[in-house]
Student: 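Submitted below is the structure of interest, expressed as structure tokens.
Bear in mind that the values here come from a model prediction, so they are computed numbers and not experimental data. Worth knowing before you read on, the calculation uses all heavy atoms, side chains too, and leaves out hydrogens, waters and symmetry mates.
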Amino acid sequence: MKIKRILFTFLFSVLVLINVFGANTRDVVINEIAWMGTVSSTSDEWIELYNNTDSPIDMTGWTMEDDNGIIDMSFTGIIIPARGYVLIENSEDTVNDVTGDLIDSSISLSNTGEKITLKDNFGNTIDVVGVTATMWYAGNSSPIYTMERKNPTVEGTNSSNWANNDGITKNGLDADGNPINGTPKSMNSVAEGGTAVYILIEIDRDRIETTAGTPNATVIEVKLVDADYFID
């Protein structure tokens, strides 16, 4: 009985420590921002979060703040999957073919820039994007391209860690069915260290190159240099 009591005390202490300290910096990050809205409506703004860890995280009690204070949203019941995403939209059909996780009509981001801070349920700052409300690091309003994070493990205040969606790798449609130049709930087009494939095809020394994705990609090379070979 003494051994069991000691073991119970140890396990309880571990659980208490986990609950007290909460999440670590950049366990969850602000991964993509459509501060410019969509082709359908410039008011149709959305934000994507990404879980950097190998475990799901309960975001109940978390908050997100902009320069004007706490954005009026509740993460109650939101569990972000391991290496997964949470899509926050300001209306149900902002991204009409990708299921949003949180609908908050209060999302209204200034086109001149914002500083956004993500905090856990203990008030710990987990991620910050931007330094002042003077400019966005990336994204474009005409034509519309979202602001994508390159590396989720690097600081969100590092301006070089952000870029426009590349206009090729996309996901989702807006309220009017237009393709979104962004990647809601999927890998960013500018993501570093992904597993996308680079394909090189060389036919009779006329080279066709297709690039899909990121540095450190898998490389596949197909070389057909004999003129008798052709692709129909």
Side-chain angles (χ1 to χ4, degrees), residues 28-50 59 62-75 78 80 84-119 126-152 155-191:
V28 179
V29 296
I30 300 161
N31 198 49
E32 187 172 7
I33 304 173
W35 56 262
M36 70 303 294
T38 66
V39 171
S40 175
S41 173
T42 56
S43 297
D44 284 350
E45 299 172 352
W46 53 270
I47 300 172
E48 177 196 82
L49 307 180
Y50 175 71
M59 296 189 68
W62 286 48
T63 59
M64 187 178 290
E65 301 176 4
D66 64 8
D67 297 288
N68 297 315
I70 295 176
I71 297 176
D72 184 20
M73 65 175 59
S74 172
F75 286 100
I78 298 295
I80 185 168
Y85 304 90
V86 161
L87 176 61
I88 306 166
E89 306 171 273
N90 63 1
S91 70
E92 288 188 8
D93 59 354
T94 293
V95 184
N96 70 16
D97 65 333
V98 177
T99 302
D101 302 283
L102 181 60
I103 309 300
D104 193 310
S105 60
S106 70
I107 298 176
S108 181
L109 302 172
S110 170
N111 282 8
T112 60
E114 297 265 10
K115 177 182 178 181
I116 304 177
T117 304
L118 182 67
K119 295 184 178 182
I126 305 303
D127 190 40
V128 180
V129 175
V131 178
T132 64
T134 57
M135 64 178 294
W136 292 105
Y137 292 144
N140 195 67
S141 59
S142 182
I144 288 178
Y145 293 93
T146 65
M147 171 175 156
E148 294 185 345
R149 196 170 187 145
K150 295 179 181 179
N151 190 330
E155 292 86 350
T157 54
N158 184 338
S159 60
S160 64
N161 194 34
W162 295 89
N164 294 1
N165 172 269
D166 65 9
I168 300 171
T169 304
K170 308 178 186 181
N171 188 50
L173 304 174
D174 68 18
D176 291 330
N178 302 300
I180 291 174
N181 288 323
T183 54
K185 295 191 81 170
S186 66
M187 180 185 287
N188 288 349
S189 67
V190 298

Student: At their closest point, which heavy atom of Asp44 faces which heavy atom of Ser91, and how far apart are they?
Tutor: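 Scanning both residues, the minimum pair turns out to be OD1-OG, 3.9 Å.
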
Student: List the residues meeting side chain to side chain donor-acceptor pair (under 3.5 Å) with Asn161, not counting sequence neighbours, and say none if there are none.
Tutor: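 For Asn161, no residue satisfies side chain to side chain donor-acceptor pair (under 3.5 Å) once neighbours in sequence are set aside.
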
Student: Side chains of Asn178 and Thr38, heavy atoms from C-beta outward: is any pair under 4.5 Å?
Tutor: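 Not in contact.
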
Student: Quick one, Asn140 and Met36 - any side-chain contact, counting heavy atoms below 4.5 Å?
Tutor: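 Answer no - side chains too far apart.
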
Student: Do side-chain atoms of Asn164 reach the backbone of Gly139 as a donor and acceptor pair under 3.5 angstrom?
Tutor: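 Present.
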
Student: Within the structure provided, determine whether Met59 and Leu49 are in side-chain contact (heavy-atom separation under 4.5 Å).
Tutor: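 A side-chain contact exists here, since the closest heavy-atom pair is under 4.5 Å.
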
Student: Does the side chain of Ile107 come within less than 4.5 Å of Thr94's, by heavy atoms?
Tutor: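 Counting from C-beta outward, Thr94 and Ile107 never come under 4.5 Å.
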
Student: Using modelled atom types only, decide if a donor and an acceptor are shared between the side chain of Glu148 and the backbone of Glu32 within a distance under 3.5 Å.
Tutor: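 Side chain of Glu148 to backbone of Glu32, a donor-acceptor pair under 3.5 Å: no, none is there.
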
Student: Quick one, Asn181 with Lys170, criterion side chain to side chain contact (heavy atoms under 4.5 Å, CB included). Give me CA distance, side-chain angles, the key distance, then yes/no.
Tutor: CA-CA 6 Å; Asn181 288 323; Lys170 308 178 186 181; 2.9 Å; yes

Student: Can you list every pair that meets ring pair (Phe, Tyr, Trp, His ring centres under 6.0 Å) and has a residue in residues 97-117, with sequence neighbours left out?
Tutor: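 Listed by first then second residue: nothing to list.
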
Student: Hydrogens and angles aside, do Thr183 and Asn188 bring a side-chain donor and acceptor to less than 3.5 Å of each other?
Tutor: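 Present: a donor and an acceptor within the cut-off.
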
Student: With a 4.5 Å limit on heavy-atom distance, are the side chains of Trp136 and Leu109 in contact?
Tutor: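 The answer is yes; the side chains approach within 4.5 Å.
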
Student: Check for a donor-acceptor pair, side chain of Asp66 on one end and backbone N or O of Glu114 on the other, with a separation under 3.5 Å.
Tutor: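 No.
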
Student: Looking at every non-hydrogen atom in both residues, tell me the closest pair between Trp162 and Asn31 and how far apart they are.
Tutor: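 Heavy atoms of Trp162 and Asn31 come nearest at CZ3-O, 3.8 Å.
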
Student: Hey, does Phe75 have a side-chain heavy atom less than 4.5 Å from the side chain of Ile88?
Tutor: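 Sidechains of Phe75 and Ile88: in contact.
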
Student: Within a strict 4.5 Å, meaning less than it, do heavy atoms of the Tyr85 and Pro184 side chains meet?
Tutor: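 A side-chain contact under 4.5 Å is absent here.
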
Student: Is there a side-chain contact between Val98 and Trp46, using heavy atoms and a 4.5 Å cut-off?
Tutor: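 A side-chain contact under 4.5 Å is absent here.
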
